[in-house]
Amino acid sequence: MKKLITFAAIAATASAGSLAAQDKPDHIVVANTGGPYLQAVLDATGKAFEEKTGIEVLGDGPQTLPQLQQMVQADRVTWDVVEVPPVFTMRYCGELFQELPEDLQNYENVLPGFGNKCGINSVGYANIMLYNTSAFPDGGPQNWADFFDTEKFPGKRGLWDGAEGVNLEIALMADGVAPQDLYPLDLDRAFAKLDTIRDDIVFWRSGAQSTQMMESEEVDMLMAWSSRAYPALKNGAPFEPVWNQHIIYNNVLTIPKGVAHPDVSADFIRTAMEAAQQARVSELYPVTPGVIGTEPDLDEAGQKVFAATPERAASAVVPDLQWVADNSEEINRRWTEWLNN
């Protein structure tokens with residue numbers, strides 16, 4: 001059984017505005033990917049919510065879709081708020097996740113394309129290219145076409161072992177497809193382009209593995225999540241981010257079907273969307289705030305991988321996650337076949 005991370009409940013006389021005192025639970029459980037990020041959420045949003053409501057906030061992670069499916073099917077849901085990839089709510093809205101209150105469905109200051117009736121942007125990151133300045137002291141690749149050019153930029157390339165929303169888009173942009181013309185994805189063309197660098201790819205299967213790749217200089221360039229590039233840069237890895245054709249991504253906060261106190265869950269999400277909590281989470285862990293205009297106080301490495309500056313946001317590629325969700329079975333089947341060939 002995973003260990004729940006907990007803080008002592010802070011005595012508070014005020015209750016949440018939408019809750020009567022007798023309706024308040026003693027605690028709620030918030031689930032996300034776990035580890036230091038979960039701790040950051042509890043330190044920021046968890047403490048703020050406890051101070052407002054007197055409700056203790058526990059954390060659980062890493063969360064998985066099969067776990068949530070089992071909970072909902074057994075009518076034993078122990079997670080009150082869950083942070084998940086947006087494609088999950090696009091596939092299972094109304095089945096595993098309940099619709100959010102209207103104010104959260106129509107939240108104005110979030111990036112479009114990630115939330116829906118069952119999920120609201122929480123935090124995100126950018127899928128960015130970085131190159132090893134030791135390998136390329138005069139400047140490295142500046143776009144995905146360069147990333148695929150093994151003659152001009154020889155060396156090993158690090159890529160995530162997955163297809164949804166990233167690698168196929170990267171391959172198509174490298175092959176000359178404009179970001180606005182990516183969808184519907186031409187899968188045959190994307191995999192043909194990936195074939196051209198197949199022998200030069202080193203796959204990473206976890207964010208921690210990509211960080212390690214940078215610190216050990218196992219690769220000469222890679223695609224990495226900005227949040228996982230941060231610790232490598234902070235530890236002195238000689239990599240330079242390239243803010244061009246980066247693909248942004250936001251997770252969403254959700255309320256599982258069958259929670260005992262959905263109003264409490266919604267109030268926690270409202271607290272998480274406040275500017276102070278959005279900024280504080282980003283200061284504690286290098287994610288990009290889901291709320292536009294949030295200005296966290298970041299160190300030098302954090303500023304290097306912060307995706308929400310006006311210039312970086314303007315040049316970002318936003319994936320069509322609804323198309324990805326609708327075609328995920330075919331995408332993943334093709335990816336598995338390609339890897340195993």
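The first residue of the sequence shown is numbered 1, and numbering continues consecutively from there.
When atom types are taken as modelled, the side chain of Trp144 and the backbone of Ala171 share no donor-acceptor pair closer than 3.5 angstrom. A donor-acceptor pair under 3.5 Å is formed between the side chain of Thr133 and the backbone N or O of Pro238. Panel note: side chain Thr271, backbone Asp267; a donor-acceptor pair is recorded below 3.5 Å. Of the possible polar contacts, none joining the Thr196 side chain to the Ala192 backbone as a donor-acceptor pair under 3.5 Å is found. The closest donor-acceptor contact from the side chain of Gln105 to the backbone of Asn116 lies at 3.5 Å or more, if one exists at all. Ser282 contributes a side-chain N or O that, together with a main-chain N or O of Val287, makes up a donor-acceptor pair within less than 3.5 Å. In terms of modelled atom types and a separation under 3.5 Å, the side chain of Gln277 and the main chain of Ala48 share no donor-acceptor contact. Listed for the Asn121 side chain is a donor-acceptor partner under 3.5 Å among the backbone atoms of Leu111. Side-chain N or O atoms of Thr254 include none that pairs as donor or acceptor with a backbone N or O of Pro256 at under 3.5 Å. A donor-acceptor pair is defined here as one N or O able to donate and one able to accept, closer than 3.5 Å; no such pair exists between the side chain of Glu56 and the backbone of Asp26.
Atoms NZ and CD, on Lys234 and Glu215 in that order, are 12.0 Å from each other to the nearest 0.5 Å. Atom-to-atom distance recorded for Tyr107:OH and Ile269:CD1 is 11.5 Å, nearest 0.5 angstrom. The distance from the OG atom of Ser265 to the CG atom of Leu100 is 10.0 Å, given to the nearest 0.5 Å. To the nearest 0.5 Å, atoms CE (Met273) and CG (Leu253) are separated by 7.0 Å. A distance of 12.0 Å separates CE of Met90 from CZ of Phe97, quoted to the nearest 0.5 Å.
Evaluation of the disulfide (SG to SG under 2.5 Å) test over residues 50-101, restricted to residues two or more places apart or in two chains, returns Cys93-Cys118.
Look at Asp43 and Arg280 and you find no salt bridge, because none of the NZ, NE, NH1 or NH2 atoms lies under 4.0 Å from a carboxylate O. The residues Glu50 and Lys24 are annotated as not salt-bridged, no charged nitrogen and carboxylate oxygen being separated by less than 4.0 angstrom. A salt bridge links Asp161 to Arg205: at least one charged side-chain nitrogen sits closer than 4.0 Å to a carboxylate oxygen. Using a cutoff of 4.0 Å between basic side-chain nitrogens and carboxylate oxygens, Glu274 and Lys52 are scored as salt-bridged. No salt bridge links Lys304 with Glu300; every basic N to acidic carboxylate O contact stays at or beyond 4.0 Å. Ionic pairing of Asp188 and Lys193 is not present here: no N-O contact between side-chain nitrogen and carboxylate oxygen is shorter than 4.0 angstrom.
Of the N and O atoms on the side chains of Asn167 and Trp335, not one donor lies less than 3.5 Å from an acceptor on the other residue. Gln142 and Asn244 share no side-chain donor-acceptor pair at under 3.5 Å. A donor-acceptor pair shorter than 3.5 Å can be found between the side chains of Glu217 and Asn132. Asn251 and Ser122 share no donor-acceptor pair across their side chains, judged by distance under 3.5 Å alone. Between the side chains of Gln322 and Asp326, at least one donor N or O sits under 3.5 Å from an acceptor N or O. Looking only at atom types and distance, the side chain of Asp60 has a donor-acceptor partner in the side chain of Trp79 under 3.5 Å away.
Closest heavy-atom contact between Gln98 and Pro262: NE2-CB, 3.4 Å.
Considering Val219, Asp200, Leu194 as possible partners of Leu159, the one that fulfils the side-chain contact (heavy atoms from CB on, under 4.5 Å) test is Leu194. If you run salt bridge (Lys or Arg N to Asp or Glu O under 4.0 Å) between Arg189 and each of Asp181, Asp195, Asp175, only Asp175 comes through.
Under the 4.5 Å side-chain heavy-atom criterion for ILVMFWY residues, a single connected hydrophobic cluster contains both Leu42 and Ile28. In this structure, Leu284 is not a member of the same hydrophobic cluster as Val57, with clusters built from ILVMFWY side-chain heavy atoms closer than 4.5 Å. When the side chains of ILVMFWY residues are joined at heavy-atom separations under 4.5 Å, either directly or via intervening members, Val324 and Leu172 end up in a single hydrophobic cluster. One hydrophobic cluster holds both Trp204 and Leu339 under the rule that ILVMFWY side chains link at heavy-atom gaps under 4.5 Å. When the side chains of ILVMFWY residues are joined at heavy-atom separations under 4.5 Å, either directly or via intervening members, Val166 and Trp323 end up in a single hydrophobic cluster.
Taking 4.5 Å as the limit, some side-chain heavy atom of Val123 sits within range of a side-chain heavy atom of Glu83. Side chains of Val252 and Ile120 form no contact here, defined as non-hydrogen atoms less than 4.5 Å apart. Counting heavy atoms from C-beta on, the side chains of Arg312 and His246 come closer than 4.5 Å. Residues Met71 and Leu96 are not in side-chain contact: their nearest non-hydrogen atoms beyond the backbone lie 4.5 Å or more apart. Side-chain contact between Lys156 and Glu218 is absent, with no heavy-atom pair separated by less than 4.5 Å. Considering only heavy atoms from C-beta on, Thr33 stays 4.5 Å or farther from Leu38 through its side chain. When side chains are defined from C-beta on, Trp160 does not count as touching Phe203, because their heavy atoms never get closer than 4.5 Å. Between Phe268 and Asp80 the shortest side-chain heavy-atom distance does not fall below 4.5 Å.
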Can you check side-chain hydrogen bond (donor to acceptor under 3.5 Å, both in side chains) on Asp299 and Tyr230, steps first, answer last?
-> CA-CA 10 Å; Asp299 61 19; Tyr230 169 81; 2.7 Å; yes
Go through the steps to decide whether Glu164 and Asn332 satisfy the test side-chain hydrogen bond (donor to acceptor under 3.5 Å, both in side chains), and finish with yes or no.
-> CA-CA 7 Å; Glu164 290 190 352; Asn332 286 306; 2.7 Å; yes
Can you check ring-ring contact (aromatic ring centres under 6.0 Å, His included) on Phe153 and Phe136, steps first, answer last?
-> CA-CA 8 Å; Phe153 299 102; Phe136 305 108; 5.6 Å; yes
For Val202 and Met213, what are the C-alpha separation, side-chain angles and deciding distance, and is it a side-chain contact (heavy atoms from CB on, under 4.5 Å)?
-> CA-CA 9 Å; Val202 180; Met213 275 186 180; 3.2 Å; yes
Can you check side-chain contact (heavy atoms from CB on, under 4.5 Å) on Thr64 and Gln67, steps first, answer last?
-> CA-CA 5 Å; Thr64 68; Gln67 280 179 289; 3.0 Å; yes
In sequence, state the C-alpha distance, the side-chain angles, and the governing distance for Met221 and Phe147, and then conclude on side-chain contact (heavy atoms from CB on, under 4.5 Å).
-> CA-CA 8 Å; Met221 64 194 77; Phe147 188 90; 3.5 Å; yes
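For Glu337, the CD atom counts as densely surrounded, since its 6.0 Å shell holds more than 12 non-hydrogen atoms of other residues, nucleotides or ligands. No more than 12 heavy atoms of other residues, nucleotides or ligands lie within 6.0 Å of CG in Asp75, so this atom counts as exposed by the packing criterion.
Trp338 carries Arg198 over the face of its six-membered ring, with the cationic atom under 6.0 Å from the centre and within 45° of the normal.
Taking the six-membered ring for Trp and thresholds of 30 and 60 degrees, Tyr37 and Tyr285 have ring planes inclined between 30 and 60 degrees apart. Note: Tyr249 and Phe114 have perpendicular aromatic rings, judged against thresholds of 30 and 60 degrees for the angle between ring planes.
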May I have the list of side-chain donor-acceptor pairs in residues 124-131 shorter than 3.5 Å, sequence neighbours left out?
{"unit_1": "Asn127", "atom_1": "OD1", "unit_2": "Trp225", "atom_2": "NE1", "d": "3.4"}
{"unit_1": "Asn127", "atom_1": "ND2", "unit_2": "Ile247", "atom_2": "O", "d": "3.0"}

